[in-house]
J.: 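Below you will find the structure I want to go over with you.
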Amino acid sequence: MTMKILLQSWLLITAIASSSATHLRRNAIANQLHHRVLQLQQDTEGTFLSKHIQYEDDVIEGMSMSKKTNKKGRGSRNRPHETYNIEMDDNLIYTITNVNKHWLDTKAKELRSGLDRIKIRRGAIMTRDNAEIDLQGRSPRVVSDRGGKMFHRGLGDEPPKELANGNRTVLAVKIITTEDGESYSFSEDYLSKRVFGDNMTLVSRYRDCSYGRMIFTKPADFRLRNGVVTVEVKSKAEKASDIRNLVTTELKDQFNVNDITDLADHLMYCMPAKAMDGTIAYAYLGGWNSVYQDSWCNRVSGQVHELGHNLNLHHSGEGSNEYADQSGFMGYSYGGDETNYEMCFNPHKNFQLGWYVNGTKTITPIEMSGGCSFHGKLYGVSDYEAGRTVVLKINNKDSDVDYYVGFNRKDGINKGTREGGDQVMITKADSEGAGSTKSWLQAKLSDPRDNDVFSYTINEFDKEKKELAITVDEINTNDTPGYAIIRVEYDSGSCTDPLPDDTTTTTSTDPTTTMVG
């Protein structure tokens with residue numbers, strides 16, 4: 001279905017519209033241009049959102065392992081990869097700028113995107129063209145916790161796991177700016193196939209990696225039966241933020257919904273390339289919206305990455321680069337042949353998503369006797385079934401910074417992993433694996449027979465400053481399923497007993513389930 005929506009670029013969001021089921025026109029109000037910049041006359045409340053941005057030089061092209069910059073694009077140019085925003089109760093989203101630095105360094109880092117509510121004080125300057133609110137050096141005020149839209153939909157206290165399990169609807173929006181003829185350059189049918197198709201699409205990757213626990217579907221509205229709608233904006237493709245808010249308003253008006261998420265849980269805005277100014281995509285952590293530069297709306301690595309942000313997943317980093325862990329989708333996005341990127345996520349994200357609950361173990365070394373905290377097999381996500389350990393969380397009782405270990409089996413649903421294939425991956429993250437936080441790749445361990453690194457030691461693991469060592473004894477990719485045998489030894493302890501068989505019980509992250517293997 002195609003819906004044509006004609007707008008004036010300077011249109012007031014509150015203008016009165018006349019509409020029909022498939023076509024909407026708005027008349028100009030020429031004497032109200034000055035209202036594009038206004039001073040807030042009263043305190044304004046909304047949901048706090050963290051926006052995560054990928055630029056053209058955050059992309060891996062083709063199968064090369066080196067980062068390449070698209071020379072036609074302007075790239076990051078030291079622009080921020082994260083901004084703070086407020087979503088008003090009418091679903092319009094504004095970036096907050098000129099914010100008190102102390103607040104940015106302290107309170108802002110404690111807020112939960114998509115959950116917490118903030119209040120902007122009167123006197124702040126709103127610029128609609130840039131979708132920004134200048135706070136003039138002042139701080140927002142936190143007015144309530146867990147007040148965001150995601151919480152009000154009853155999604156519980158652990159958003160990452162709650163959001164990433166079950167059925168969620170997606171609507172892809174093709175956007176055209178008629179004043180300069182710029183457009184997302186693919187058909188509705190093609191976009192629908194690239195999002196909802198059965199092979200290397202948003203839907204198929206989440207379905208396959210989650211073993212059917214995370215299913216994206218088309219909206220229930222029969223007018224959106226192919227999961228795509230076209231919006232024509234009578235404007236120039238100059239600022240994606242302004243276009244985004246105009247499209248949001250018009251979708252709500254056209255379909256007569258009070259909240260944009262009454263249309264779908266997630267809306268993908270497919271912008272003309274010119275509108276994105278060197279940005280390939282961005283999304284809001286714990287939010288409903290993701291925005292793409294033209295063909296990036298079609299690319300599975302961009303889709304999975306950005307919707308991952310909506311599901312509260314943060315980036316997967318290595319060294320000092322928060323995108324550099326290429327073992328899963330929350331690192332770089334990729335150009336080139338889409339069939340090369342058949343992969344899932346790293347061990348921390350696998351723990352966070354909660355898809356492998358019957359293959360997840362948590363150990364707390366300080367509480368275990370003998371120093372041998374774990375001795376057993378790890379399996380890849382492609383070989384997951386109850387009783388096979390896929391994710392091992394090494395819990396630090398004295399800190400919320402923990403380690404997550406997994407065998408990155410390069411096979412099946414994960415055969416396209418770009419880094420650490422058939423190695424044991426060790427990642428570190430804070431927030432106990434429940435909150436949205438960056439993960440950092442610490443080590444990639446190989447079979448000792450490969451004359452490569454096969455052991456990783458944390459010198460001061462906890463407040464006792466005890467040493468913890470993770471060692472690979474064997475990696476076997478010849479058998480089916482393949483596996484890695486590892487030891488986790490604490491405080492100079494040693495795993496000297498024979499390898500436990502697959503019926504040995506261990507600690508589970510799910511208190512109602514006895515884990516084996």
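The figures that follow rest on heavy atoms only: side chains count, while hydrogens, waters and symmetry mates do not. Throughout, numbering of the chain's residues begins at 1 and tracks the sequence. Bear in mind the structure is a predicted one, so any value in this text is a computation, not a measurement.
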J.: Scan side-chain atoms only and decide if T471 and S455 contain a donor-acceptor pair under the 3.5 Å cut-off.
T.: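 Yes - a donor-acceptor pair under 3.5 Å links their side chains.
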J.: Between W288 and E87, does the side chain to side chain donor-acceptor pair (under 3.5 Å) criterion hold? Intermediate values first, please.
T.: CA-CA 11 Å; W288 52 267; E87 179 184 354; 2.9 Å; yes
J.: Taking R205 for the side chain and M343 for the main chain, is one N or O donor matched with an acceptor at less than 3.5 Å?
T.: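 Flag set: sc R205 to bb M343 pair under 3.5 Å.
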J.: So, does R418 use its side chain to make a donor-acceptor pair with the main chain of Y334 at under 3.5 Å?
T.: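 No, the answer is negative, given that no donor and acceptor are paired below the 3.5 Å cut-off.
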J.: Give a yes-or-no answer on whether the side chains of T83 and N85 include a donor-acceptor pair shorter than 3.5 Å.
T.: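 T83 vs N85: donor-acceptor pair found between side chains.
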J.: Decide yes or no on side chain to side chain contact (heavy atoms under 4.5 Å, CB included) for L441 and S327, but give the supporting numbers first.
T.: CA-CA 9 Å; L441 180 60; S327 63; 5.9 Å; no
J.: Less than 4.5 Å apart, side chain to side chain, heavy atoms only: is that true for D411 and N414?
T.: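 Of all side-chain heavy-atom pairs linking N414 with D411, none is under 4.5 Å.
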J.: Let me see the working for R409 and T477 under side chain to side chain contact (heavy atoms under 4.5 Å, CB included), right down to the final yes or no.
T.: CA-CA 8 Å; R409 181 74 174 101; T477 59; 3.8 Å; yes
J.: Using a 3.5 Å distance criterion without hydrogens, assess whether the side chain of Y55 forms a donor-acceptor pair with backbone atoms of P80.
T.: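 Indeed, once roles are kept as given, a pair shorter than 3.5 Å links the two residues.
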J.: Could you walk me through whether S50 and Y284 satisfy the side chain to side chain contact (heavy atoms under 4.5 Å, CB included) test, starting with their C-alpha distance in whole Å, then the side-chain angles of each, then the deciding distance to 0.1 Å, before giving a yes or no?
T.: CA-CA 6 Å; S50 172; Y284 298 93; over 6 Å; no
J.: May I ask you to say whether K465 pairs ionically with D462, meaning some side-chain N is under 4.0 Å from a carboxylate O?
T.: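 A salt bridge is absent here (no side-chain N lies under 4.0 Å from a carboxylate O).
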J.: Assess whether side chain to side chain contact (heavy atoms under 4.5 Å, CB included) is satisfied between I458 and Y456, documenting all intermediate values.
T.: CA-CA 7 Å; I458 306 165; Y456 176 73; 3.6 Å; yes
J.: Side chains of F329 and F345: closer than 4.5 Å at any heavy-atom pair?
T.: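 The answer is yes; the side chains approach within 4.5 Å.
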J.: Taking D259 for the side chain and T261 for the main chain, is one N or O donor matched with an acceptor at less than 3.5 Å?
T.: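 Yes, because the side chain of D259 sits within donor-acceptor range (under 3.5 Å) of the backbone of T261.
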J.: Can you find a side-chain donor-acceptor pair between D325 and N346 that sits under 3.5 Å?
T.: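 Yes, N346 and D325 have a side-chain donor paired with an acceptor closer than 3.5 Å.
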J.: Y206 versus V304: any side-chain heavy-atom pair under 4.5 Å?
T.: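 Answer yes - side chains close enough.
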J.: Can you check whether L353's main-chain N or O pairs, donor with acceptor, with N165's side chain at less than 3.5 Å?
T.: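 Yes; judged by distance alone, with no hydrogens or angles, the pair exists.
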J.: For Y384 and Y211, run ring-ring contact (aromatic ring centres under 6.0 Å, His included): C-alpha distance rounded to whole Å, both residues' side-chain angles, the deciding distance at 0.1 Å, then the answer.
T.: CA-CA 9 Å; Y384 166 66; Y211 286 81; 5.5 Å; yes
J.: Could you tell me if the side chain of Y379 sits less than 4.5 Å from the side chain of F407, heavy atoms only?
T.: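 Not in contact.
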J.: Is D402 reaching over with its side chain to a backbone N or O of N396, donor-acceptor style, under 3.5 angstrom?
T.: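 A pair under 3.5 Å: yes.
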J.: Will you find, in the side chains of N100 and R138, an N or O donor that is under 3.5 Å from an N or O acceptor?
T.: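 Looking only at side-chain atoms, R138 and N100 do not form any donor-acceptor pair under 3.5 Å.
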J.: Evaluate the criterion salt bridge (Lys or Arg N to Asp or Glu O under 4.0 Å) for residue pair E460 and K466; output intermediate values, then yes/no.
T.: CA-CA 5 Å; E460 296 182 359; K466 302 296 186 180; over 6 Å; no
J.: Quick one: does V170's side chain get under 4.5 Å of D265's, heavy atoms only?
T.: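 Side-chain contact under 4.5 Å: no.
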J.: Does a side chain donor of either H314 or H309 reach within less than 3.5 Å of an acceptor in the other side chain?
T.: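 Not at all, the side chains of H314 and H309 share no donor-acceptor pair under 3.5 Å.
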J.: If you measure only the distance, is there a donor-acceptor pair under 3.5 Å linking the side chains of N408 and D422?
T.: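 Note: N408 and D422 side chains miss the donor-acceptor criterion.
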J.: Please check if the side chain of S436 supplies one atom and the backbone of N312 the other of a donor-acceptor pair under 3.5 Å.
T.: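 Judged by distance alone, yes, a pair lies under 3.5 Å.
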J.: Between K393 and E432, is there a side-chain N and carboxylate O pair less than 4.0 Å apart?
T.: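 Counted as a salt bridge, because a side-chain N and a carboxylate O are separated by less than 4.0 Å.
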J.: Please check this pair: side chain of K349 against backbone of H315, looking for a donor-acceptor N/O pair closer than 3.5 Å.
T.: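 Such a contact is found between K349 side chain and H315 backbone.
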J.: Taking only Lys NZ, Arg NE, NH1 and NH2, and the carboxylate oxygens of Asp or Glu, determine whether D198 and R207 approach each other closer than 4.0 Å.
T.: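 Looking at R207 together with D198, the answer is yes, because their closest N to O distance falls below 4.0 Å.
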J.: Are side-chain heavy atoms of V391 and H348 found at a separation under 4.5 Å?
T.: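 Contact flag for V391/H348 side chains = no.
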J.: For side chain to side chain donor-acceptor pair (under 3.5 Å), just list the numbers for T97 and E132, CA-CA rounded to whole Å, side-chain angles, deciding distance to a tenth of an Å, and then say yes or no.
T.: CA-CA 7 Å; T97 64; E132 293 180 348; 4.6 Å; no
J.: If only side-chain N and O atoms count, and only distance matters, is there a donor-acceptor pair under 3.5 Å linking E318 with Q442?
T.: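 The answer is no; no qualifying pair exists.
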J.: Carefully, step by step, assess H52 and H81 under the rule ring-ring contact (aromatic ring centres under 6.0 Å, His included).
T.: CA-CA 6 Å; H52 294 267; H81 282 86; 9.6 Å; no
J.: Answer yes or no: is there a donor N or O on one side and an acceptor on the other, between the side chain of D398 and the main chain of K463, under 3.5 Å?
T.: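 Between the backbone of K463 and the side chain of D398 there is a qualifying donor-acceptor contact (under 3.5 Å).
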J.: Are side-chain heavy atoms of Y404 and I426 found at a separation under 4.5 Å?
T.: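 Of all side-chain heavy-atom pairs linking I426 with Y404, none is under 4.5 Å.
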J.: Measure across E110 and D116 and return the closest heavy-atom pair with its distance rounded to 0.1 Å.
T.: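 Nearest pair, atom of E110 first, then D116: O-OD2, 4.4 Å.
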J.: So that I know where these two stand, are F48 and Y84 an aromatic pair - ring centroids less than 6.0 Å apart?
T.: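 Yes, the ring centres sit under 6.0 Å apart.
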J.: Would you say the side chains of K428 and S439 form a donor-acceptor pair under 3.5 Å?
T.: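 No pair is found: no donor N or O on one side chain lies under 3.5 Å from an acceptor on the other.
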J.: Between T201 (side chain only) and S204 (backbone N and O only), is there a donor and an acceptor less than 3.5 Å apart?
T.: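 Judged by distance alone, yes, a pair lies under 3.5 Å.
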J.: Within 45° of the axis and under 6.0 Å from the centre of the six-membered ring of Y282, does NZ or CZ of K51 qualify?
T.: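 So K51 does make the cation-pi contact.
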J.: Does the side chain of Y403 come within less than 4.5 Å of T427's, by heavy atoms?
T.: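 Not touching, per the 4.5 Å side-chain cut-off.
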